[in-house]
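These notes concern the structure reproduced below.
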There are 2 protein chains.
Amino acid sequence: MQTVRKDIHNSDIPALCQSCEARHQGICGALTAEQLSALAKHTRRVKREGGQELMADAMPIPAYANVLRGVVKLTKVLEDGRQQVVGLQFAPDLLGRPFASESRVSVETASEVELCMIPKPALENLMRDGSPVEHRVMMQALRELDEARDWMVTLGRKTAAEKVASFLYLIATHIDPTEEGALATFDLPLSRADIGDFLGLTIETVSRQMSRLKADKVIEIVNYRHVTIVDLAQLRLRCG
Amino acid sequence: MQTVRKDIHNSDIPALCQSCEARHQGICGALTAEQLSALAKHTRRVKREGGQELMADAMPIPAYANVLRGVVKLTKVLEDGRQQVVGLQFAPDLLGRPFASESRVSVETASEVELCMIPKPALENLMRDGSPVEHRVMMQALRELDEARDWMVTLGRKTAAEKVASFLYLIATHIDPTEEGALATFDLPLSRADIGDFLGLTIETVSRQMSRLKADKVIEIVNYRHVTIVDLAQLRLRCG
DNA sequence: CGGGCCATTGAAATTATTCAAAAACCGTGG
DNA sequence: CCACGGTTTTTGAATAATTTCAATGGCCCG
């Protein structure tokens, strides 16, 4: 439905993509100072809570967006409602299928997210003249393709136990790489239902496997959402 | 191991990528006449039988190649030998991961194929100056990403029966689109083992589901490899 | 015609799902 | 701070789906 919300007005100030620029990653890293400040005139920094749909499958993309913070999930559904999460996006990923009139997935915030919204024409103009931006976009597409294929192995060939371990390992290594060496502790960006949809499992199977990892002292489940990895090497081992 | 084989010498004549050029698809369609004839000096048209490894996972890419005919499979393996086919490539796809020092998948011929081999520097020079070739490569990457995500739904959320139907439907709509309307009849480019590895199923389950489709008169199994689609609409229905 | 290789079929075992209930968490309001 | 209701998660038992193990059958090629 994409109605304009209060939080958009709250952050209606042109903003550079600090986070991605700083890391020299993402789209903004490919821009000159002038291009960057020109782009900044069109971008809007917005915050969204979890569970908001940003783009719908088979519908036009309202705008591109850079993930600055938080996790965004890409999903597809079968006619009868079965759902599959086909990707997770972290900072500084670009949201929105380039060079297509419609999105090929549904894009939803998984956790609270900060985005740098980029109007369609703004980004498409930047990509037109064979600019480095196009190259950046391609590099992301190639990386996502590698990740999708890695995940196909998980979906097709791993057991439920290995799938859950793989998911926790993925999150542990992508979210908040706080202190080096310290045992990772974090909020899961997905509900059990979403984890199931990511792994091709039911909620119950996910829950059982998490309980087993807890019983085996590989992880601690602080509460439903918050998890601590007690033994990362063991978790890695259990990824198959 | 990539040893030079007899069939390379047999076709040691510079050749344009007729097939992909004709369809205005693939890489060559983005080239000017001069670029095309310059490239032709470096390309080699080669034929390979099924079951040959073209590139190995985690190894440098010997050269890029355009698929002119036949089917190539991309696979990944777990340490314990479990295998997953993560993609199939048809004409006029480009083989070889751009902008990476190593392949991220193992690339093997599934059927007899014809390839247009493009030396690494030849293609990389064409991509350097923000040329349309880079754009073509990106478009293929984006398309493959869409396909990978479609397949993730199949792997994660479909039943064995739906998976096998989906595979047959995929092949029927990609291979040899002979006469319009005519019931598709073709050689499967994959063995039962490969189909299993593509679908995340065992050989036996694939076989059972194929037998069921045959019993239900959706397909005819002429022999192990040759299949006729009797009722494409019904097959489509069974894809889930 | 026989051997080798795939593929099919059957029965038992395993894994994951489904259905059902209990427990833990979360936010709210007293 | 605690109780309450709604929601999510966990746990258990029965069921269904797929795999595994084992044997048979069919095709191809000499």
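This structure is a prediction, so every number in the text was calculated from the model and none was measured.
- The aromatic rings of B/F167 and B/F198 stand perpendicular to each other, their planes meeting at an angle above 60°, with 30° marking the opposite boundary.
- The nucleotide whose nearest atom lies closest to any side-chain atom of B/T205 is, among D/dT11, D/dT19, C/dT17, D/dT19.
- Checking B/K214 against A/L201, the closest nucleotide of DNA chain C that is more toward the 5' end is the one next to B/K214.
- Interatomic distance, NZ of A/K73 versus OG1 of A/T109, reported as 7.5 Å (0.5 Å rounding).
- Here C/dA16 presents its P atom at 14 Å from CD of A/E204, a figure rounded to the nearest Å.
- One finds a salt bridge joining B/E144 and A/R149 here, because a Lys/Arg side-chain nitrogen approaches an Asp/Glu carboxylate oxygen to under 4.0 Å.
- Across the protein-nucleic acid pair, B/Q209 atom CD and C/dA7 atom P stand 16 Å apart, rounded to whole Å.
- Across the protein-nucleic acid pair, A/K163 atom NZ and C/dT15 atom P stand 14 Å apart, rounded to whole Å.
- Nucleic acid contact for A/S207: base, since at least one base atom lies under 4.0 Å from a heavy atom of the residue.
- The listed nucleotides are C/dA7, D/dC28, D/dT9; the one nearest the side chain of B/N223 is D/dC28.
- Relative to the side chain of A/Y224, the nucleotides C/dA23, C/dA7, C/dT8 differ in distance, and C/dA23 lies closest.
- Look at B/T159 and you won't find any side-chain N or O under 4.0 angstrom from OP1 or OP2 of D/dA17.
- Atom CE in A/M210 sits roughly 9 Å away from atom P in D/dT9 (whole-Å rounding).
- Using a 4.0 Å heavy-atom criterion, one finds that B/G200 contacts the sugar-phosphate atoms exclusively.
- In this structure, CZ of B/R208 is placed 9 Å from C1' of D/dT18, rounded to the nearest angstrom.
- Between B/D197 and B/R82 no salt bridge is recorded (no basic side-chain N to carboxylate O distance below 4.0 Å).
- D/dT9 atom C1' lies 18 Å from atom CZ of A/R212, rounded to whole Å.
- As a whole-Å value, the separation of B/I203 CD1 from D/dA23 C1' is 15 Å.
- Salt-bridge check for B/D57 with B/R104: failed, with every basic side-chain N at 4.0 Å or more from each acidic carboxylate O.
- Atom-to-atom, CD1 of B/I195 to P of C/dC6 comes out at 14 Å; the value is rounded to the nearest Å.
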